[in-house]
Amino acid sequence: VKLNVDELARITGQSIDSKPQRHAVARELLDRYRIEQLYVTLGAAGAEWFSLSGEQISVPAPRPSAWVDAVGAGDAFASVVLHGQVHGRDPESTLLDAVKFAADVCGLSGATTDRREFYERSFLT
């Protein structure tokens, strides 16, 4: 499952005002619904991965090389997560690549570009 922090608060009905609170809410959601993996995006603060078995990884977001808008950043993140899942990549590498790709999308006007080289990523090879 991939959610942003606002969606996590909304679907759980809980206020999330701190990192420990966010982690507790994420853990509760994993346990309640037996979700194997949960990715939570935090906007400019990065993203986190939680597993049902108790593991978690947090990574900061890289600064976008240019800032235009955030349209498509969540979908970009999710696409890299799905790619990582399909190809059996480890969660930390997947998370790092996902936040980088999402940050790069923030440099586009809109969610996509016609520049083919934008999509040529080392994790896709």
Side-chain angles (χ1 to χ4, degrees):
V1 172
K2 181 268 180 200
L3 300 170
N4 66 43
V5 70
D6 294 332
E7 292 165 337
L8 179 62
R10 197 170 317 127
I11 67 167
T12 61
Q14 297 188 41
S15 158
I16 299 175
D17 299 322
S18 67
K19 183 176 182 176
Q21 193 173 29
R22 182 174 67 244
H23 288 192
V25 170
R27 185 74 35 221
E28 182 181 314
L29 185 67
L30 285 162
D31 292 340
R32 181 177 201 178
Y33 295 102
R34 309 304 295 164
I35 297 168
E36 289 185 31
Q37 297 184 56
L38 174 65
Y39 288 83
V40 179
T41 57
L42 310 170
E48 296 176 317
W49 171 82
F50 303 87
S51 75
L52 184 58
S53 64
E55 299 168 284
Q56 72 183 59
I57 300 168
S58 298
V59 300
R63 292 187 76 110
S65 55
W67 175 262
V68 178
D69 64 49
V71 174
D75 290 336
F77 181 94
S79 71
V80 174
V81 166
L82 289 172
H83 179 272
Q85 294 288 310
V86 167
H87 292 281
R89 297 187 71 228
D90 66 277
E92 186 169 15
S93 296
T94 297
L95 194 59
L96 288 165
D97 288 337
V99 295
K100 171 70 172 118
F101 190 52
D104 290 346
V105 166
C106 290
L108 301 175
S109 178
T112 63
T113 180
D114 291 335
R115 293 183 295 117
R116 188 174 188 89
E117 66 275 5
F118 181 83
Y119 300 103
E120 294 172 356
R121 304 291 170 142
S122 61
F123 63 85
L124 293 176
T125 58

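Quick note: numbers below take in every heavy atom, side chains included, and nothing from hydrogens, waters or symmetry partners.
Under the 3.5 Å distance criterion, the side-chain polar atoms of S79 are matched with a main-chain donor or acceptor of A76.
Grouped with L82 in a hydrophobic cluster is no other residue, since no side-chain heavy-atom contact under 4.5 Å to another Ile, Leu, Val, Met, Phe, Trp or Tyr is found. In the hydrophobic clustering, V68 connects to no other residue, as no ILVMFWY side-chain heavy atoms lie under 4.5 Å from its own.
When only modelled atom types and interatomic distance are considered, Q14 and T12 share no side-chain donor-acceptor pair under 3.5 Å. With hydrogens and angles left out, the side-chain atoms of Q37 and S51 include no donor and acceptor closer than 3.5 Å.
A search for side chain to side chain contact (heavy atoms under 4.5 Å, CB included) contacts involving L96 returns V59, E92, not counting sequence neighbours. Every residue was checked against the side-chain hydrogen bond (donor to acceptor under 3.5 Å, both in side chains) condition with K2, not counting sequence neighbours, and none meets it. For R10, the side-chain hydrogen bond (donor to acceptor under 3.5 Å, both in side chains) criterion is met by no residue, not counting sequence neighbours. When the ring-ring contact (aromatic ring centres under 6.0 Å, His included) test is applied to F118, the partners found at least two apart in sequence or on another chain are F101. Partners of Q56 by side-chain hydrogen bond (donor to acceptor under 3.5 Å, both in side chains), not counting sequence neighbours, listed by chain and number: H23. Under the side-chain hydrogen bond (donor to acceptor under 3.5 Å, both in side chains) criterion, D17 pairs with S15, sequence neighbours left out. With sequence neighbours excluded, the residues satisfying salt bridge (Lys or Arg N to Asp or Glu O under 4.0 Å) with D97 are R89.
Here the OG-NZ distance, from S58 to K19, works out to 4.5 Å after rounding to the nearest 0.5 Å. With values rounded to the nearest 0.5 angstrom, L38 atom CG is found 6.0 Å from L29 atom CG.
The minimum heavy-atom distance linking A47 with F77 is given by the pair CB-CE1, 3.7 Å.
Residue pairs meeting the salt bridge (charged side-chain N to carboxylate O under 4.0 Å, His left out) criterion with at least one member in residues 66-88: none, sequence neighbours excluded. Screening residues 52-72 for ring pair (Phe, Tyr, Trp, His ring centres under 6.0 Å), with sequence neighbours left out, gives no hits.
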Would you give me the side-chain donor-acceptor pairs under 3.5 Å for residues 104-117, sequence neighbours excluded?
unit_1	atom_1	unit_2	atom_2	d
D104	OD1	K100	NZ	2.8
D104	OD2	K100	NZ	3.1
D104	OD2	R121	NH1	2.6
D104	OD2	R121	NH2	3.2
T113	OG1	R115	N	3.2

